[in-house]
Novice: 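Provided herewith is a single structure, encoded as structure tokens, for subsequent inquiry.
Just follow the structure's listing: the first ligand is 1, and inside any ligand the first atom is 1.
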Amino acid sequence: MVEPLIYDLSSLGRRGVRFPEPDVPHTDLPEKFLRKELPLPEVSEPEVIRHFTRLSQLNHGVDTGFYPLGSCTMKYNPKINEQAARLPGFAHVHPLQPLETVQGSLILMHLLQEFLKEIGGFAGVTLQPAAGAHGELTGVSIIREYLHSIGETQRNKILIPDSAHGTNPATSSMSGMQVVELPSDERGNVDLEALRAECDQNLAGLMLTNPNTLGLFEEQTLEVIELVHEAGGLVYGDGANMNALLGIVRPGDLGFDVLHYNLHKTFSTPHGGGGPGSGPVGVAEHLVDFLPGPIVGIIDQGADDNPPLYGFLQPQKSIGRVKSFHGHFGIFVRAFTYILMHGASGLREVSEGAVLNANYLMSQLKDIYHLPFDRVCMHEFVFEGRWPDAPDIHAFDIAKRLMDFGFHPPTYYFPLIVKEALMIEPTETETLETLDAFVDAMRQIAEEAHTDPEILLTAPHNTPFARLDEVQAAKQLVFCCQVPEFIKAVEGD
Ligand SMILES: *Cc1c(COP(=O)(O)O)cnc(C)c1O
């Protein structure tokens, strides 16, 4: 099935718009600007609408179906967020407006900082970082600056478990640190012996994702943090998986020194396809002075009838800006709306629902899909997408076959420590019926893998293209349709 190009619909002389009679004299455009190889398709208005509406529907989104993409928290994005972000006072605000004219926006940012402090158990928050990875870069820079400020300039080693997201080692080495990988033990936790062996005077810190990317709560979090602190290092928390912890445990209370939040995951904003995101960073008391500035705060308490004036404050030993202006404001409005809408108890329910849904799926499927770490999971879990008695089938084929059932594939081949990994995160916004339909599809696929592998190997069957070269498809986009063929069609050879 090949989608028609808009040029294929073209018919000579057909029009979608009519211009009014010009009230200025006619002049011909200079010939050199009229390139024959760039004709316009001639189509009616309904054809244009139908064409682009159909194209838009080829894209699987969380508004069109289940999207259990592990580690990404593809939850339903409440539409009230969009209404709030579209309010003219928020949508049209300009970063260079005088402070007095943007007090509402500043109060929103200030409250969001306060909410995130409360949710994570931290003393200070910056909203600047543009996404999770950017938050990591910011957090590691804060750690380095702090260590330098106390004379510990030799500390340049960051420990990262082998289950970590790829951004963790990438951002650590971008900030000039040496990355040392830590193995996981047989329960999927950080191997404490390996950690002890690395705890020396060069240790700058450890980056820990909790729950980790196997969807497991690090059972020895307190010991891990204590070991790193005793060795003089700091602990960075990758908070991308906060969707499992809201209102249940606060990373700051566990002893994490720094943590980034992924507003676009945990606090809902449409994401994927590259952004925009938002990755605020929270820090414990001893790091507050190092936060990137400016931070939103009260710059004038006001007197008598005058309300306090909100503005920007520069932390004393700030690492400096990490973003032009103040971060991705539209995402702040969405996250703020989401947090207000749920309230404290509602946020806790979000996490309880996410963990319950993941455990439900896992328990319904673990008799037929191998679960390498058989423990109660948090908001996601990882299966092996292979069977010894179906050697031709890989996780990739299972992922592709799921598309025939109208489901977005889970994350596959990540985390790297599980062979043929299928990483499934249902999120809290799915109904029991959807989860059951997914279970049915997964069970049918497992059956087919053994009885009719060809149907998996050739999947998906209902999409315009089945199996692309995934790297080239992203790197070498073909934006332009085959215009020469079009010219041939309308003009003849
Ligand atoms: C998504 C994610 C990141 C990176 O966040 P971005 O906002 O995509 O930059 C880091 N760590 C984990 C565990 C993640 O899931």
Novice: Does Ala459 offer a backbone N or O that forms a donor-acceptor pair with the side chain of Arg467 under 3.5 Å?
Specialist: yes
Novice: Does the N or O separation between Asn241 and ligand 1 drop below 3.5 Å for any pair?
Specialist: no
Novice: Between CD1 of Ile107 and CG of Leu112, what distance do you get to the nearest 0.5 Å?
Specialist: 13.5 Å
Novice: Looking at Ala240, which atoms of ligand 1 are within less than 4.0 Å of one of its heavy atoms?
Specialist: 2 (C), 11 (N), 12 (C), 13 (C), 14 (C), 15 (O)
Novice: Counting non-hydrogen protein atoms only, what is the nearest one to atom 11 (N) of ligand 1? Give residue, atom name and distance.
Specialist: Asp238 OD2, 2.5 Å
Novice: State, yes or no, whether a side-chain contact exists between Ile119 and Arg250 at a heavy-atom distance under 4.5 Å.
Specialist: no
Novice: If we set the cut-off at 4.0 Å for heavy atoms, which region of Ser71 has an atom near ligand 1: side chain, backbone, both, or neither?
Specialist: both
Novice: Given His134, His165, Met423, which one has a non-hydrogen atom that is nearest to atom 4 (C) of ligand 1?
Specialist: His165
Novice: Ignoring hydrogens and geometry, is there a side-chain-to-backbone donor-acceptor pair from Thr337 to Asn81 under 3.5 Å?
Specialist: no
Novice: Please confirm whether Glu136 comes under 4.0 Å of ligand 1, counting heavy atoms of the residue only.
Specialist: yes
Novice: If you define the side chain from C-beta out and look only at heavy atoms, does anything of Met341 sit under 4.5 Å from Ile80?
Specialist: yes
Novice: Please report the interatomic distance OG1(Thr209) to NE2(His165), rounded to the nearest 0.5 Å.
Specialist: 8.5 Å
Novice: Could you grab the distance from atom CE of Met242 to atom CD1 of Ile248, nearest 0.5 Å is fine?
Specialist: 9.5 Å
Novice: For ligand 1, is Lys265 a contact, meaning one of its heavy atoms is under 4.0 Å away?
Specialist: yes
Novice: What residue and atom, counting heavy atoms only, is the protein's closest point to atom 5 (O) of ligand 1, and at what distance?
Specialist: Asn262 ND2, 3.0 Å
Novice: So which protein heavy atom does atom 6 (P) of ligand 1 come closest to, and at what separation?
Specialist: Gly132 N, 3.4 Å
Novice: Is it true that Arg401 and Asp404 make a salt bridge, defined as a side-chain N closer than 4.0 Å to a carboxylate O?
Specialist: yes
Novice: Just which atoms of ligand 1 are under 4.0 Å from any heavy atom in Ala133?
Specialist: 4 (C), 5 (O), 6 (P), 9 (O)
Novice: Atoms of ligand 1 less than 4.0 Å from His264 heavy atoms?
Specialist: 7 (O)
